[in-house]
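What follows is a set of notes on a single structure, which appears directly below.
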8 protein chains.
Amino acid sequence: MQWTVYLSGEIHSDWRQQIEQGAEAHGLPVKFTSPITNHEASDAAGDVLGSEQDNFWRDHKSAKVNAIRIQTLIKNCDIAIIRFGDKYKQWNAAFDAGFCAALGKPYITLHDEAIIHPLKEVDAAAMAWARTPEQVIEVLKNIISV
Amino acid sequence: MQWTVYLSGEIHSDWRQQIEQGAEAHGLPVKFTSPITNHEASDAAGDVLGSEQDNFWRDHKSAKVNAIRIQTLIKNCDIAIIRFGDKYKQWNAAFDAGFCAALGKPYITLHDEAIIHPLKEVDAAAMAWARTPEQVIEVLKNIISV
Amino acid sequence: MQWTVYLSGEIHSDWRQQIEQGAEAHGLPVKFTSPITNHEASDAAGDVLGSEQDNFWRDHKSAKVNAIRIQTLIKNCDIAIIRFGDKYKQWNAAFDAGFCAALGKPYITLHDEAIIHPLKEVDAAAMAWARTPEQVIEVLKNIISV
Amino acid sequence: MQWTVYLSGEIHSDWRQQIEQGAEAHGLPVKFTSPITNHEASDAAGDVLGSEQDNFWRDHKSAKVNAIRIQTLIKNCDIAIIRFGDKYKQWNAAFDAGFCAALGKPYITLHDEAIIHPLKEVDAAAMAWARTPEQVIEVLKNIISV
Amino acid sequence: MQWTVYLSGEIHSDWRQQIEQGAEAHGLPVKFTSPITNHEASDAAGDVLGSEQDNFWRDHKSAKVNAIRIQTLIKNCDIAIIRFGDKYKQWNAAFDAGFCAALGKPYITLHDEAIIHPLKEVDAAAMAWARTPEQVIEVLKNIISV
Amino acid sequence: MQWTVYLSGEIHSDWRQQIEQGAEAHGLPVKFTSPITNHEASDAAGDVLGSEQDNFWRDHKSAKVNAIRIQTLIKNCDIAIIRFGDKYKQWNAAFDAGFCAALGKPYITLHDEAIIHPLKEVDAAAMAWARTPEQVIEVLKNIISV
Amino acid sequence: MQWTVYLSGEIHSDWRQQIEQGAEAHGLPVKFTSPITNHEASDAAGDVLGSEQDNFWRDHKSAKVNAIRIQTLIKNCDIAIIRFGDKYKQWNAAFDAGFCAALGKPYITLHDEAIIHPLKEVDAAAMAWARTPEQVIEVLKNIISV
Amino acid sequence: MQWTVYLSGEIHSDWRQQIEQGAEAHGLPVKFTSPITNHEASDAAGDVLGSEQDNFWRDHKSAKVNAIRIQTLIKNCDIAIIRFGDKYKQWNAAFDAGFCAALGKPYITLHDEAIIHPLKEVDAAAMAWARTPEQVIEVLKNIISV
């Protein structure tokens, strides 16, 4: 079986590449999917539908266009990895975690020890907590071993 | 019909009381439910099950005990109000929003204009965005009018 | 058992009153629910959340506030009656019909013979087609008889 | 991943061809599905099952045969595009929108500015509103970009 | 807890009365529900919607009106008892059994030993097979005992 | 898209072959699935698990083994054709119809005019009623046309 | 809100009484439900349906009658407590745990430290692990506090 | 159609190999999936995420990592075979059975006659009980025959 793993969250470091390369290096039968990870492209995803004077509506339109992609990919994945970095609010990552939890879709969180306490509700519904991309790769190896 | 409204999020201001009092003042047929809103009690919810040396596991046990309450109340509510204040990470509030979205449970966000952008994914799946408890009360009046 | 019947559609004639009075006259154990049936109040349901310059967004906000009421009542009803009058587009009524169909919620359409052809997809998923409120009352009597 | 997009609604203009050609021109990995778009064939879909004297039943049989196709394709699609033209009642398009909404299937509406108000409930549950097939193509590009 | 038991099937003997009286005699906290059990009333359930020349459509309209009652009561019951007598085709009883099975709604069949073989698929998905109303009452006592 | 059509019911005439050959003759992209159609093999499906003295249990074991096949194929099909012949009780066919109805799986009945009345509940939940295999083929052509 | 708590598992000690009395002593708004806890009555639940020579079928009939009660009560509860004692196989308790897990029904395990390892899969899907009835009562207090 | 069969339970005998070889010998179109069947590897599945001093948490982490694999494979299978051997508690096997039952996923138990009584609840929800791998293969042949 080929596994599909959705990579949710932080878009300002190379954790996705590390996991993808690690999986490839170990020959894991995994296909990775992701949201739009280019910040500007993501913010502008709805601009083609007409410009808005009010920032709320510009954000609203782009977020909904992105949500079509995100929610479709989450529904189609076997496992989600949800990454919290050390900057920004990252409420979208926590939203994805709640979305997975309600669907019964298993997810693994990836974050530093420093933010254990504010993430306790997110971790409580996770199947695992990893500190590093390497740990994620090792866990995927254990899950996916033939 | 009596409506059940779950009040998720910030526990350091009196927004819950304002909404509850407003609903009562207008005679709305609403029952409100909430998570444990005492910060210390919430953090200690699992302590009775045995002490932990590792903070991760202490948080984990308490968060899961709280989750029994939270997820049961969310599944039983008709509407959720999800409040984001100006402090703390509040990932649990965003998690609840994602949980509601996946269940098809309608929710209204309550937050200031200053955090529109980081909340755009959460607002995109909401049925309304309110800036003040008064607005929430007015919206509830419109929804629940006999 | 008390039955809950949702009355969807046309808001410019007294068909709801006729059905409610007929049910009461026959002593049927039915509770009726409806959307906001005051046209202006319905269009203004979201105005309290802030005024909009763009009509699309004013409509959008009000329609979503109304949708909280409508979809909650549809999910909670046992039967929906969906009325199509001879004026206006009434796409919201057809939307409700599709919503019911996907949920497996039984509905009865109420409309004149003149619009059989354009309503054929809506009628195809209905459990019955009635021409008059009296017929709806008679059908409810047959369904609900103790 | 190959995406499946269902094209619902108006059958009297070439909007489907425009979207299909645009997607092909941009090399998008999309497969398009549609209802029977030949008006006469659609109306006659059930005639083989025996002629009917009553128009209601002729329509009923054809609409149900068509519904097997339509509802199967909607359940199998990732995204629906729902087009409202400037003629006819088009209640079937609004029905499809409600059907998608209840299933949690994301849809994009495609219609002119002139009918914003009567479509407000349909747009309220949509993930995006496009005015032109070109906008739909651009949005699909943003959603589907690898 | 009060249990709701739906009594499906044969309408030409007094098995429903026997079970209802037995449950009452034992003081079981059970509420019984049933389809319309008057044969003529059941066949005529849709006649108020207009007469039909074609028997198929007369039956069709009545069967759909009855189905609103039947499927609502089945969805609302805790247990169904499905009775097969020694006459008629009784395909509606087998239909109800399949409907229950797909919903995960537990049912008990009630029939003579003579028709074990043709009912084997229906019995295979049942939770119990009873030969007499007395046995049904005894089983209900075991299930419902406080 | 390749469509999967499950052929339920009568096993003593060649209606399956007629439909399969007709579909092939028209080049329809359809895959057909069926229960075990050999009567003796079907009755003996559970015999390998040990002989039974009581006919009820022999039937029970075989019916359950067959049910694994049947229910899996029904859940995986796009459309079911449910055939009622002129002999036997055929409660399993009516059971399959109820099972499909509860799952929202569209089905077409195939039977003579003589049994319209006892099949009215089964036909009421069907998407079409065909009298002959030729009609089924024509309907499939209309549904599946590219 | 009144909470419903299902008490699954061991029937040879008084842990149910301890929890019920503790909840009452603290005035918790809880209703407790349980399977038949009389061992002989449970084993004989299906005997009224006819005697069996083969033990497998006697057990089978009784287990299915009991399952009607058990699965209905589990589906209707808010929380399950699943108790593993120090004797017997207790596979039914583990079965209930898996049943709850698949339904998304939160459960708390109650067992000694000595059987942590063989219960690791059951505990992994639990929301909490308690060693004593007193701990269960304390956790319920935390969950249910008004 | 290719069938997917999940092999749950005992990991200390060669029953999986026997079934896989038997299926291959008969040319059955079956793909088999399994949990990690190496005892030590399974117990250590979470160790990469950091060592734990408390055995409960070590087990907890490993069991959750394993659960990602197990529950994904169960959700993706058509049939599960659940094996109980003569040693160990094997609560995980009973948990898988309950999980399957709640999902409506058909399963076959494989165990000796000696443990009929303690497994009666697990067998009650099974579609078949086999004593030997050979019987499982024969049943699969009957289910899967083209």
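So that the names make sense, note that chain A is the first sequence line, chain B the second, and so on, each numbered from 1. Values in this document were obtained by computation on a predicted structure and should not be read as measured data.
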Nearest-0.5 Å distance, NE2 of residue G/His117 to CG of residue H/Asp43: 4.0 Å
Below 4.5 Å from any heavy atom of chain G, which atoms of H/Ala125 appear? Answer side chain, backbone, both or neither. side chain
Do you know which of H/Phe84, H/Phe95, H/Tyr88, H/Trp129 has the most heavy-atom pairs with chain G at a distance under 4.5 angstrom? H/Phe95
Could you tell me if the side chain of H/Ile116 sits less than 4.5 Å from the side chain of G/Asp59, heavy atoms only? yes
Which heavy atom of G/His60 sits nearest a heavy atom of H/Ala124, and at what distance? CE1-CA, 3.7 Å
One option among G/Pro118, G/Ala94, G/Ala63 has the most heavy-atom pairs under 4.5 Å with chain H, and it is G/Ala94
Could you check whether atom CD of G/Gln53 has more than 12 heavy atoms from other residues, nucleotides or ligands sitting under 6.0 Å from it? no
Can you tell me how far apart NZ (G/Lys120) and OG (H/Ser42) are? Round to the nearest 0.5 Å. 5.0 Å
Is it true that atom CD of H/Glu24 has more than 12 heavy atoms of other residues, nucleotides or ligands lying nearer than 6.0 Å? no
Tell me, for H/Ala101 versus chain G, whether the close heavy atoms (under 4.5 Å) come from the side chain, the backbone, both or neither. both
Side-chain contact, heavy-atom cut-off 4.5 Å: G/Trp91 with H/Gln90? yes
Taking the side chain as every heavy atom from C-beta outward, state whether G/Leu119 and H/Lys89 have any atom pair closer than 4.5 Å. no
Find the one option among G/Ile70, G/Ile115, G/Ile74, G/Asp96 whose heavy-atom pairs under 4.5 Å with chain H are most numerous. G/Ile115
Below 4.5 Å from any heavy atom of chain G, which atoms of H/Asp123 appear? Answer side chain, backbone, both or neither. both
Taking H/Lys64, H/Gln71, H/Glu113 one by one, which has the highest count of heavy-atom pairs under 4.5 Å against chain G? H/Lys64
